[in-house]
S.K.: 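Pasting in a structure now, in structure tokens, and then I'll have a few things to ask.
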Amino acid sequence: MNIEDLERQQLELSKKLILEDTKPIENIRLVAGIDTTYTDIWTNPTVAISSIVVLDIENNFKEVEIVFAEKEIDFPYIPTFLAYRELPSILEAYKKLKTKPDAFLVDGMGILHPRKMGIASHFGVITGEISVGIGKSKLVGNFEMPENKPFSYKPIFVNKGKRGYILRVKKNTNPIFVSPGNKISVDSSLQLALKCIGRYKLPEPIRLAHNHLQEYRRKILKEG
DNA sequence: GCGACAG
DNA sequence: ATCTTGTCGC
């Protein structure tokens with residue numbers, strides 16, 4: 001498939017997006033974080049490693065479950081097509097989950113994407129899960145910078161439509177980009193992200209998925 | 001035409 | 001995204 005075909009596929013998938021709340025935010029208790037890394041980012045093909053960590057946000061972010069998956073991939077990183085690179089290994093990890101999280105936070109964008117199909121939305125549409133995108137830098141959109149104080153935020157617009165929020169979690173830290181993946185509204189995505197903030201700038205599910213992934217990667221590179 | 005461009 | 005220790009600043 002070429003880029004044009006992939007764009008058409010994204011547009012087709014975007015028709016299945018549900019951008020309304022499908023569950024009261026107060027009933028979301030088990031929140032999963034998803035992150036992906038690579039054994040080598042400079043080669044293709046390479047091996048993608050994904051992890052999903054499930055936390056109970058009403059019990060001190062207690063870890064309920066963690067799974068990993070490794071998968072050989074041959075799709076390069078191309079802006080706006082991240083899902084085609086990372087989703088295969090993410091879905092393998094997803095299959096290993098024994099618990100059923102109420103929602104998933106995915107490292108990357110949701111509808112804060114040219115065709116509303118960032119990796120969090122792609123994951124949400126494919127699995128039918130409630131998902132939210134958590135990005136660390138800008139992909140698309142117009143916005144004002146939030147003030148340099150904790151929990152200040154500004155809406156992000158794409159073609160006049162509100163697609164997400166830029167949120168500064170802590171003072172003197174770069175803001176993060178929050179947008180709905182699927183089955184949740186723009187505003188509730190922000191509320192859920194806020195509920196998942198612990199002591200650091202990244203929501204706990206994402207932060208822990210990232211941390212566990214790093215140690216897992218170190219270990220397999222060392223041992224083989 | 002030019003710059004921007006998640007991980 | 002990865003390679004990497006200490007170090008400067010709030």
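Below, chains carry the letters A, B, ... as their sequence lines are ordered, and counting in each starts from 1. Basis for what follows: all heavy atoms, side chains included, without hydrogens, waters or symmetry-related copies. Values in this document were obtained by computation on a predicted structure and should not be read as measured data.
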S.K.: Tell me, please, the opening and closing nucleotides of DNA chain C, 5' to 3', among those with an atom under 4.0 angstrom from a non-hydrogen atom of chain A.
M.R.: C:dA1 to C:dC10
S.K.: Dot-bracket, DNA chain B: Watson-Crick or G-U, under 3.5 angstrom, [ ] crossing, | other strand?
M.R.: .......
S.K.: What contact category does A:Arg217 fall into here, base, sugar-phosphate, or nothing, at under 4.0 angstrom with non-hydrogen atoms?
M.R.: sugar-phosphate
S.K.: Would you say A:Ser185's side chain and A:Glu20's backbone share a donor-acceptor pair under 3.5 angstrom?
M.R.: no
S.K.: Nearest nucleotide by nearest heavy atom, which residue falls closer to the 5' end of DNA chain C, A:Asp35 or A:Lys171?
M.R.: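 Its nearest nucleotide being more 5', the pick is A:Asp35.
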S.K.: Mind calculating the distance between CD1 (A:Ile206) and P (B:dA6) to the nearest angstrom?
M.R.: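 Taking CD1 of A:Ile206 and P of B:dA6, I get 16 Å after rounding.
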S.K.: From NZ of A:Lys136 over to P of B:dA6, roughly how many Å is that when rounded to an integer?
M.R.: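 Between P of B:dA6 and NZ of A:Lys136: 11 Å.
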S.K.: Parallel under 30°, tilted from 30 to 60°, perpendicular over 60°: which one fits the rings of A:His122 and A:Tyr84?
M.R.: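 Aromatic pair A:His122/A:Tyr84 classed perpendicular.
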S.K.: Identify all side-chain donor-acceptor contacts of residues 194-205 of chain A below 3.5 Å with residues at least two apart in sequence or on another chain.
M.R.:
residue  : atom : partner  : partner atom : Å
A:Glu204 : OE1  : A:Arg207 : NH2          : 2.9
A:Glu204 : OE2  : A:Arg207 : NE           : 2.9
A:Glu204 : OE2  : A:Arg207 : NH2          : 3.4

S.K.: What is the nucleic acid contact for A:Gly135, judged by heavy atoms within less than 4.0 Å: base, sugar-phosphate only, or nothing?
M.R.: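 It contacts sugar-phosphate atoms only.
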S.K.: Within the 4.0 Å heavy-atom criterion, would you say A:Phe81 contacts the bases, only the backbone, or no part of the nucleic acid?
M.R.: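 Result for A:Phe81 = base.
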S.K.: Which heavy atom in A:Lys71 sits nearest to a heavy atom in A:Ser89, and how many Å separate them?
M.R.: CB-CB, 3.8 Å
S.K.: Taking all non-hydrogen atoms of both residues into account, name the closest pair between A:Arg115 and A:Leu11 and its distance.
M.R.: CG-CD2, 3.7 Å
S.K.: What is the distance from CD1 of A:Ile119 to P of B:dA6, rounded to the nearest Å?
M.R.: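 From A:Ile119 CD1 to B:dA6 P: 13 Å.
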S.K.: Are the charged groups of A:Lys136 and A:Asp107 less than 4.0 angstrom apart, N to O?
M.R.: yes
S.K.: Calculate the interatomic distance between A:Asn142 atom CG and B:dC5 atom C1'; express it in whole Å.
M.R.: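 In whole Å, B:dC5 C1' lies 14 Å from A:Asn142 CG.
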S.K.: How close or far is atom P of B:dG7 from atom CG of A:Leu82, stated in whole angstroms?
M.R.: 8 Å
S.K.: Taking the side chain from A:Glu144 and the backbone from A:Lys154, do they hold a donor-acceptor pair closer than 3.5 Å?
M.R.: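 Absent.
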S.K.: Check the distance between B:dC5's C1' and A:Ile3's CD1 and give it to me in whole angstrom.
M.R.: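 Spelled out: CD1 on A:Ile3 to C1' on B:dC5 is 13 Å.
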S.K.: Whole Å only: how far is the CE atom of A:Met109 from the P atom of B:dA4?
M.R.: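 Rounded to the whole Å, the gap is 17 Å.
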S.K.: Do A:Tyr94 and A:Glu129 get their side chains close enough for a donor-acceptor pair, meaning under 3.5 Å?
M.R.: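 Yes, because at least one side-chain N or O of A:Tyr94 sits under 3.5 Å from a partner of the opposite role on A:Glu129.
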S.K.: Between B:dG7 and A:Tyr38, is there an OP1 or OP2 to side-chain N/O distance shorter than 4.0 Å?
M.R.: no
S.K.: Write down the distance between CG (A:Leu87) and C1' (B:dA6), rounded to a whole number of angstrom.
M.R.: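 Those two atoms, CG and C1', are 14 Å apart.
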S.K.: With a 3.5 Å cut-off and no angle check, do the side chains of A:Asn27 and A:Asp102 form a donor-acceptor pair?
M.R.: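 Side chains of A:Asn27 and A:Asp102: no pair found under 3.5 Å.
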